[in-house]
Q: 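Just passing along the structure, written as structure tokens.
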There are 2 protein chains.
Amino acid sequence: MSVAPKRPKGPPLNAMRAFEAAARHVSFVAAAEELNVTPGAISQHVKALEGWAGTPLFRRNAQGVELTREGQLLIADFNEAFDRLADAARALRNLQPKAEFHIAALPAVAQLWLPKRLRRIRAQLPNINFSVTALETPPSLSRELFDLSIFFALPDGSPNQIVVCEDEITPVCAPTVLLRAQRPNGFQDVPLLHDQTWKGDWPKWLQSNGFHMRDENSGPQFSLYSLAVEEAKAGAGILMGHLCLIEDDIASGSLTAVNTQSCPTGLSLVIQLPRQSRRRPETDRVVSLLSS
Amino acid sequence: MSVAPKRPKGPPLNAMRAFEAAARHVSFVAAAEELNVTPGAISQHVKALEGWAGTPLFRRNAQGVELTREGQLLIADFNEAFDRLADAARALRNLQPKAEFHIAALPAVAQLWLPKRLRRIRAQLPNINFSVTALETPPSLSRELFDLSIFFALPDGSPNQIVVCEDEITPVCAPTVLLRAQRPNGFQDVPLLHDQTWKGDWPKWLQSNGFHMRDENSGPQFSLYSLAVEEAKAGAGILMGHLCLIEDDIASGSLTAVNTQSCPTGLSLVIQLPRQSRRRPETDRVVSLLSS
DNA sequence: TTTCTTGGCGTAGAAAAACTATGGCTAGTA
DNA sequence: TACTAGCCATAGTTTTTCTACGCCAAGAAA
């Protein structure tokens with residue numbers, strides 16, 4: 001008779017977390033990004049968990065993973081559990097006497113929109129330590145420890161969202177380039193500046209205004225919108241300007257609209273909050289200062 | 001402006017688990033036992049968590065810990081979260097094709113009561129791998145991965161409990177000792193055998209039968225009841241017998257009751273199951289074989 | 001008193017886990 | 001025929017976690 005000397009060991013917690021993230025994103029890479037590790041680590045964790053369970057949880061295809069039937073069965077439970085755990089962690093963190101306030105934002109927003117407002121807020125709330133994390137995609141506020149996020153998104157009318165402004169685009173350039181740009185063939189002659197994460201901007205604007213262009217994708221590419229803005233200010237070409245991000249540059253005259261036709265992208269700049277019960281007490285204060 | 005390069009890191013999962021266990025038991029030692037580590041490890045985890053949170057969660061007194069107000073606030077959340085997680089882990093394990101069936105039992109039960117039945121069960125269910133863990137105190141079935149536990153307890157009428165029999169005690173001894181034991185002063189002359197975890201047995205029985213003894217605690221002590229039973233069978237003295245554990249020895253005549261006065265301890269031998277939805281499919285089968 | 005027991009702390013070193021870096025593979029895409 | 005996106009596997013390193021052990025304080029027992 002085999003008397004096990006030890007209590008049966010549960011699966012490793014970290015492996016479960018990795019599985020949960022991978023299942024939620026249906027991607028090891030995305031999970032790795034969320035957990036701030038390499039995809040290899042996720043792979044190992046998932047494998048460990050599959051080993052523990054004795055059954056595969058993912059089907060690995062060359063172009064991505066998908067959950068097996070077994071995996072499907074589990075994901076709801078794990079989601080729920082880690083949601084609760086995230087709640088608990090948030091509660092834990094919220095009793096920290098010295099407040100840390102975490103903001104997630106699109107890189108462009110973090111660099112162009114936030115700084116001015118954050119300076120003001122810091123002046124008003126000197127006891128809070130703000131930190132800003134630039135992310136390409138909005139994090140899950142119920143899972144990660146951000147106190148608010150600012151991204152371009154489709155408002156869904158939830159009370160946890162505050163719409164700051166509609167996203168509107170129009171071509172802009174430095175005043176020194178304006179005359180050239182406004183000539184009949186301006187868009188052909190002056191380089192168009194592109195942001196890699198907003199590849200669709202030029203086509204969208206051109207189409208919405210009935211223009212056609214041979215080569216709407218030509219011109220320098222920038223990995224950060226703020227770089228493109230700097231180049232535009234330096235006179236390097238015409239940039240598709242997101243009005244809410246460059247309002248100061250327009251006001252100060254370092255950028256001017258090439259013409260008056262602007263076009264809404266359909267998205268809005270949206271401040272997203274965790275649900276009421278999990279917010280830091282300072283949140284409302286910060287939001288009202290941010291959006292004023 | 002401080003742009004944090006990384007997403008805010010949540011607290012370490014293992015530290016949270018350690019805290020949860022420590023908070024639930026209000027004891028580092030008990031938590032350590034549950035998690036199969038040394039108390040030092042728990043201490044470190046809790047300290048790490050307190051460091052992360054920036055606030056103490058436990059008040060350490062020389063004779064044990066107690067939760068601070070902050071700790072009190074958190075325990076419910078953490079309990080909930082880890083319950084869910086345990087559920088998920090159980091679900092995960094339950095899809096293992098090759099079944100492992102974990103039983104927790106009091107050492108005495110594991111050694112004296114289980115083996116016979118388990119042999120029968122193994123014969124009936126040859127594909128299941130049974131493992132038995134001997135524990136002094138019943139584990140939480142909603143938290144640990146046991147499929148059932150067998151302990152002496154007060155039945156609470158829940159449908160997750162099956163009462164096997166009432167616990168009844170009466171002095172027993174080897175036939176060779178019987179005559180000496182039954183003499184008027186038998187209990188004085190023949191050594192009384194004691195089990196350390198059931199110190200109260202002799203006093204209880206004596207009292208319930210109106211006897212008084214100068215020295216009811218004298219005699220050899222055993223750390224395991226099964227050792228005491230062996231000694232009794234070898235003629236070393238009179239043992240307070242728990243009838244349901246020694247029925248075979250009585251039936252075979254290797255032990256006999258000194259007199260016929262038995263006394264219920266108020267407890268019963270109880271099979272405890274996890275709640276319905278978390279059970280292994282084989283559970284009902286095992287239970288019916290166990291209690292038949 | 002003094003001594004023992006219980007339950008906590010702290011630290012050093014050992015053991016285990018987790019992570020990264022790298023190269024390789026496959027299937028869609030250009 | 002490349003090229004890209006995603007996943008895998010492995011080796012080696014870094015980090016975490018655990019144990020072992022000595023210490024201390026408070027209450028219980030002698």
Side-chain angles (χ1 to χ4, degrees), chain A residues 5-7 9-52 56-68 71 136-137 196-197 199 217 221 223, chain B residues 5-7 9-52 56-68 71 136-137 196-197 199 215 217-218 221 223:
Chain A
K6 295 287 181 189
R7 313 162 102 94
K9 270 222 318 289
L13 291 181
N14 292 317
M16 291 196 276
R17 173 167 59 183
F19 165 72
E20 192 272 342
R24 183 154 35 83
H25 291 120
V26 202
S27 153
F28 286 13
V29 178
E33 182 160 327
E34 174 178 315
L35 299 179
N36 253 314
V37 295
T38 54
I42 301 293
S43 169
Q44 277 178 271
H45 277 309
V46 171
K47 192 146 47 98
L49 204 63
E50 290 177 324
W52 186 88
L57 268 12
F58 281 100
R59 207 165 306 116
R60 277 87 164 168
N61 308 314
Q63 71 288 18
V65 288
E66 57 182 332
L67 285 161
T68 59
E136 293 298 335
T137 48
Q196 294 199 317
T197 60
K199 291 208 234 320
N217 289 319
Q221 303 270 348
S223 66
Chain B
K6 296 287 179 192
R7 314 163 101 93
K9 269 223 318 287
L13 291 181
N14 292 316
M16 291 196 276
R17 174 167 58 184
F19 165 73
E20 193 270 344
R24 182 154 34 84
H25 290 122
V26 203
S27 153
F28 285 14
V29 178
E33 182 160 329
E34 174 177 315
L35 299 181
N36 254 314
V37 294
T38 53
I42 301 292
S43 170
Q44 279 176 275
H45 277 310
V46 171
K47 192 144 49 96
L49 204 63
E50 290 176 325
W52 186 89
L57 267 12
F58 281 101
R59 208 165 305 117
R60 278 86 164 168
N61 309 313
Q63 70 290 17
V65 289
E66 58 183 330
L67 285 160
T68 59
E136 293 297 336
T137 48
Q196 294 199 318
T197 59
K199 290 210 232 328
D215 209 357
N217 288 320
S218 73
Q221 305 269 347
S223 65

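Every chain is numbered from 1 and lettered A, B, ... according to where its sequence line falls, protein lines coming before strand lines.
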Q: Using the salt bridge (charged side-chain N to carboxylate O under 4.0 Å, His left out) criterion, which residues pair with E20(A)? Sequence neighbours excluded.
A: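 Result, salt bridge (charged side-chain N to carboxylate O under 4.0 Å, His left out) vs E20(A): R24(A), R143(A).
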
Q: Would you call L67(B) and V26(B) a side-chain contact if the rule is heavy atoms closer than 4.5 Å?
A: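 No; the side chains remain at least 4.5 Å from each other.
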
Q: To the nearest 0.5 Å, tell me how far E34(B) CD sits from T137(B) OG1.
A: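 Taking CD in E34(B) and OG1 in T137(B), the distance rounds to 9.5 Å.
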
Q: Contact class for T38(B) (heavy atom, under 4.0 Å): base, sugar-phosphate, or nothing?
A: base

Q: What are the 5'-most and 3'-most nucleotides of DNA chain D lying under 4.0 Å from any heavy atom of chain A?
A: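 Endpoints of the contacted stretch of DNA chain D: dG6(D) to dA9(D).
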
Q: Could you walk me through whether N14(A) and N14(B) satisfy the side chain to side chain contact (heavy atoms under 4.5 Å, CB included) test, starting with their C-alpha distance in whole Å, then the side-chain angles of each, then the deciding distance to 0.1 Å, before giving a yes or no?
A: CA-CA 8 Å; N14(A) 292 317; N14(B) 292 316; 3.9 Å; yes

Q: Closest heavy-atom contact between F19(B) and V46(B)?
A: CA-CG2, 4.3 Å

Q: Please identify each residue that fulfils side-chain hydrogen bond (donor to acceptor under 3.5 Å, both in side chains) with T38(A), with sequence neighbours left out.
A: none

Q: Can you tell me which residue pairs pass the ring pair (Phe, Tyr, Trp, His ring centres under 6.0 Å) test with a partner in residues 24-51 of chain B, sequence neighbours excluded?
A: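 Every ring pair (Phe, Tyr, Trp, His ring centres under 6.0 Å) pair that includes a residue of residues 24-51 of chain B, provided the two are not neighbours, is F28(B)-F58(B).
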
Q: Using a 4.0 Å cut-off to any heavy atom of chain B, which nucleotides of DNA chain C are the first and last in contact, reading 5' to 3'?
A: dG7(C) to dG10(C)

Q: In residues 15-32 of chain B, what residues come within less than 4.0 Å of DNA chain C, judged by heavy atoms?
A: S27(B), F28(B), V29(B)

Q: Heavy atoms within less than 4.0 Å of DNA chain C: which residues of residues 44-51 of chain B have one? Give them sorted by number.
A: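 Going residue by residue through residues 44-51 of chain B, the ones with a heavy atom under 4.0 Å of DNA chain C turn out to be K47(B).
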
Q: Between atom CG of L49(B) and atom CE of M16(B), what is the distance when rounded to the nearest 0.5 Å?
A: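 Between L49(B) CG and M16(B) CE, I get 7.5 Å after rounding to 0.5 Å.
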
Q: For the helix from dT1(C)-dA30(D) to dA30(C)-dT1(D), how many degrees between its two end axes (five pairs per end), to the nearest 10°?
A: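 The angle, to the nearest 10 degrees, is 20°.
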
Q: Going by the rule side chain to side chain contact (heavy atoms under 4.5 Å, CB included), which residues pair with V37(A) if we only count those two or more places apart in sequence or in a different chain?
A: A32(A), L35(A), A41(A), I42(A)

Q: Could you check whether any side-chain heavy atom of R59(B) comes within less than 4.5 Å of a side-chain heavy atom of V65(B), counting everything from C-beta outward?
A: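 Counting from C-beta outward, R59(B) and V65(B) never come under 4.5 Å.
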
Q: Of all residues at least two apart in sequence or in a different chain, which pass the salt bridge (charged side-chain N to carboxylate O under 4.0 Å, His left out) check with E50(A)?
A: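 So E50(A) forms a salt bridge (charged side-chain N to carboxylate O under 4.0 Å, His left out) with R60(A).
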
